[in-house]
Number of protein chains: 2
Amino acid sequence: MSERDSERSISQTVRAQLALRDMILSGQLRPGERISELQAVEITSVSRTPVRLALVRLEDEGLLQAIPSGGFMVKAFTERDILDSIELRGTLEGLAARFAAERGASARSLEPLKECLADLDQLVRQDPVSVEAFSAYVTMNARFHALLTELSASPPLIRQIDRVSALPFASPSGFVMAQSALPEAHQILLIGQDHHRIVVDAIENREGGRAEAIMREHARLAARNLRLALRNRTHLDLLPALALLQSPAQ
Amino acid sequence: MSERDSERSISQTVRAQLALRDMILSGQLRPGERISELQAVEITSVSRTPVRLALVRLEDEGLLQAIPSGGFMVKAFTERDILDSIELRGTLEGLAARFAAERGASARSLEPLKECLADLDQLVRQDPVSVEAFSAYVTMNARFHALLTELSASPPLIRQIDRVSALPFASPSGFVMAQSALPEAHQILLIGQDHHRIVVDAIENREGGRAEAIMREHARLAARNLRLALRNRTHLDLLPALALLQSPAQ
DNA sequence: ATAGCAGCTTATGTATACATCTTGAATTCA
DNA sequence: TGAATTCAAGATGTATACATAAGCTGCTAT
């Protein structure tokens, strides 16, 4: 299949990076655990050179932490770290929205965002929302946030947002699936979608302050989802990202 | 001397990273220029393995850009990129100040910041400000910003601020030296120091919004310095960071 | 019994040889 | 003359061997 072709074509470095990332996010490698190069070599079946590069990449992705004396360990996050990362993303996306508004995003460039908004509207309209719709929402929501970020037309800002969102629990869709298990599911989805509507409106009307504020608040929905999910403790399996959380949870 | 000892003790990777960074920031490697591993090997006199690691590190530092087909080139920045990076830093430092205020930084933890503030006051008091005082200001100012960042007590945020500030033209002291060549020098210094005073006051009084706003505005002083320096075109040599600027300047 | 030291095991840091792919230049054909 | 193709030179990707440093275990001495 073409899958095998693509697997063959990608570099060993990337292959190792993917394999190690999966093991970290799935909890097979636990927070605080040291991960030696040879161990990583055994896991990934590639030699030390690409393994080492993969480890360095995962370090600046934020999944690993360098040990002063050499080597790496799986990074551990507190609930506070996660909440701060979400607030951080909200702040950066707020800045992106403000830039888009102040710099006068053209009607043409707003088009894809509006289409995405309409697609999301379709998904949100159902009640109750099917699991498939939730899954589709996650994809479309990620697209919405990506489009919004690009609308800032600021490479340095886009770069930073991408880096923050690389942490799975800080990404825009990190906790959407958690909602599906909550009774407040549909309500929260509607509120989030209203935020989307508002930010587009604000950008269109050049209301920079409003656009920034609503994106900050929007990120706090994710924080709310996280807290609800942790308190209810239902379907935590929907959130592999929480494998990185220190002791208390899981 | 101990210098030779320390030079011997640091790793080849770090040595290569420092050497290459110097060459980039000093303009010996020009923006857009491809930098091959062998070339880097010749420059740094270390083998390809540590050179490669150094290149990867410089990439996520933001000084290099990966070429899709492999290898790296020196990243080029527009004036807009630089201004955006400064605004970005201001936004993040604003968030840090707000966190410090909202979370109630203890009187004890505020102490070092206040001492630093007093030291800066001493330096600013002279008129005209000597070159040595400017240089001391740069150091002390960097310390002030570092202390403020740490006061947020948020590892994820601290990490992001450090990453943004790694770009020399986005760092808190990036354009202070440019002032020394400007007629408005002392005035700008006084204004900046007043910002410092205000943010400490705001944090002490738990005024999160005020603390955030003043840090955002504070960063815009750097943007002002940049614009003035570029327009006047005097003493651009004081700003090695501008070696990364695309064509028009320099 | 505990603390400290010695030696060994294993980790990471580095260099280099080999394989593969990209790129540029030259030549040939239309 | 221009464009396309092929070949060569050089680049990056990968593996592995070697050097050095860290950490651990076990033994000895107090």
Side-chain angles (χ1 to χ4, degrees), chain A residues 2-24 28-61 63-75, chain B residues 2 4-24 28-61 63-76:
Chain A
S2 69
E3 191 183 86
R4 190 174 296 168
D5 287 340
S6 67
E7 273 185 17
R8 215 202 315 271
S9 68
I10 64 175
S11 69
Q12 301 292 72
T13 300
V14 172
R15 195 174 316 192
Q17 192 176 351
L18 292 174
L20 291 171
R21 186 195 287 142
D22 275 352
M23 289 195 67
I24 294 167
Q28 293 177 261
L29 297 168
R30 324 197 92 185
E33 188 176 338
R34 180 167 188 165
I35 173 172
S36 78
E37 289 182 8
L38 271 80
Q39 193 183 346
V41 163
E42 282 180 21
I43 291 171
T44 61
S45 312
V46 304
S47 76
R48 277 185 61 210
T49 306
V51 152
R52 175 162 256 257
L53 273 176
L55 290 172
V56 170
R57 292 243 151 84
L58 288 170
E59 181 199 4
D60 64 68
E61 215 173 282
L63 260 33
L64 296 180
Q65 187 169 18
I67 297 173
S69 64
F72 299 92
M73 54 183 270
V74 179
K75 203 156 169 180
Chain B
S2 68
R4 189 175 296 168
D5 287 340
S6 67
E7 272 185 16
R8 214 202 313 274
S9 69
I10 64 174
S11 69
Q12 301 292 72
T13 301
V14 172
R15 196 174 315 193
Q17 191 176 351
L18 292 174
L20 290 171
R21 185 195 288 142
D22 275 353
M23 289 196 67
I24 293 168
Q28 294 176 262
L29 297 168
R30 323 197 93 186
E33 186 177 337
R34 180 168 188 162
I35 173 171
S36 77
E37 290 182 6
L38 271 79
Q39 192 182 345
V41 162
E42 281 180 20
I43 291 171
T44 62
S45 313
V46 303
S47 77
R48 277 185 61 209
T49 306
V51 152
R52 176 162 256 257
L53 273 175
L55 291 173
V56 169
R57 292 243 150 84
L58 288 170
E59 181 199 3
D60 64 67
E61 213 173 284
L63 260 34
L64 296 180
Q65 186 169 21
I67 298 172
S69 63
F72 299 91
M73 53 183 270
V74 179
K75 204 155 166 179

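Sequence lines set the chain letters: A, B, ... in the order given, protein chains first and strands last, and positions in each chain run from 1. A quick note: this is a predicted structure, and the numbers were derived from the prediction, not measured.
In this view, A/R34 satisfies the side-chain hydrogen bond (donor to acceptor under 3.5 Å, both in side chains) rule with no residue, not counting sequence neighbours. Judged as a side-chain contact (heavy atoms from CB on, under 4.5 Å), and not counting sequence neighbours, the contacts of B/E61 are B/Q17, B/R21, B/L58, B/L63, B/A166. A search for salt bridge (Lys or Arg N to Asp or Glu O under 4.0 Å) contacts involving A/E59 returns B/R57, not counting sequence neighbours.
Counting non-hydrogen atoms under 4.0 angstrom, A/L53 reaches nothing in the nucleic acid. Nucleic acid contact class of A/S36 (heavy atoms, under 4.0 Å, all strands): sugar-phosphate only.
Between B/G71 and A/V46, the one whose closest nucleotide on DNA chain D sits nearer the 5' end is B/G71.
If you measure from atom CD of A/E42 to atom C1' of C/dT10, you get 13 Å, rounded to the nearest angstrom. The separation between A/Q39 atom CD and C/dT12 atom P is 9 Å, rounded to whole Å. Note: CD (B/E37) to P (C/dA15) measures 14 Å, nearest angstrom. The distance between atom CG of A/L55 and atom C1' of C/dT12, rounded to the nearest whole Å, is 11 Å. We find that CG of A/L38 is positioned 13 Å from P of D/dA17, with the value rounded to whole Å. Distance, B/I10 CD1 to C/dT14 C1': 15 Å, rounded to whole Å.
If you check C/dA15, D/dT12, C/dT12 against the side chain of B/T49, the one that comes closest is C/dA15. Nearest nucleotide to the B/S47 side chain, out of D/dT14, D/dT12, C/dT14: C/dT14.
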- Query: Using a cut-off of 4.0 Å between protein heavy atoms and nucleotide atoms, how would you tag nucleotides 18-25 of chain C 5' to 3' with B, S and -?
  - Reply: ----SS--
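Pairs of residues two or more places apart, or lying in two chains, that qualify as side-chain hydrogen bond (donor to acceptor under 3.5 Å, both in side chains) and include a residue from residues 38-51 of chain A are A/E37-A/R48.
Of the residues listed (B/V74, B/L18, B/I43, B/I35), the one engaging B/M23 in a side chain to side chain contact (heavy atoms under 4.5 Å, CB included) is B/I43, and it is the only one.
Taking the side chain as every heavy atom from C-beta outward, A/V56 and A/L64 never approach each other to under 4.5 Å.
One distance of note links CG of B/L29 with CE of B/M73; it measures 12.5 Å at 0.5 Å rounding.
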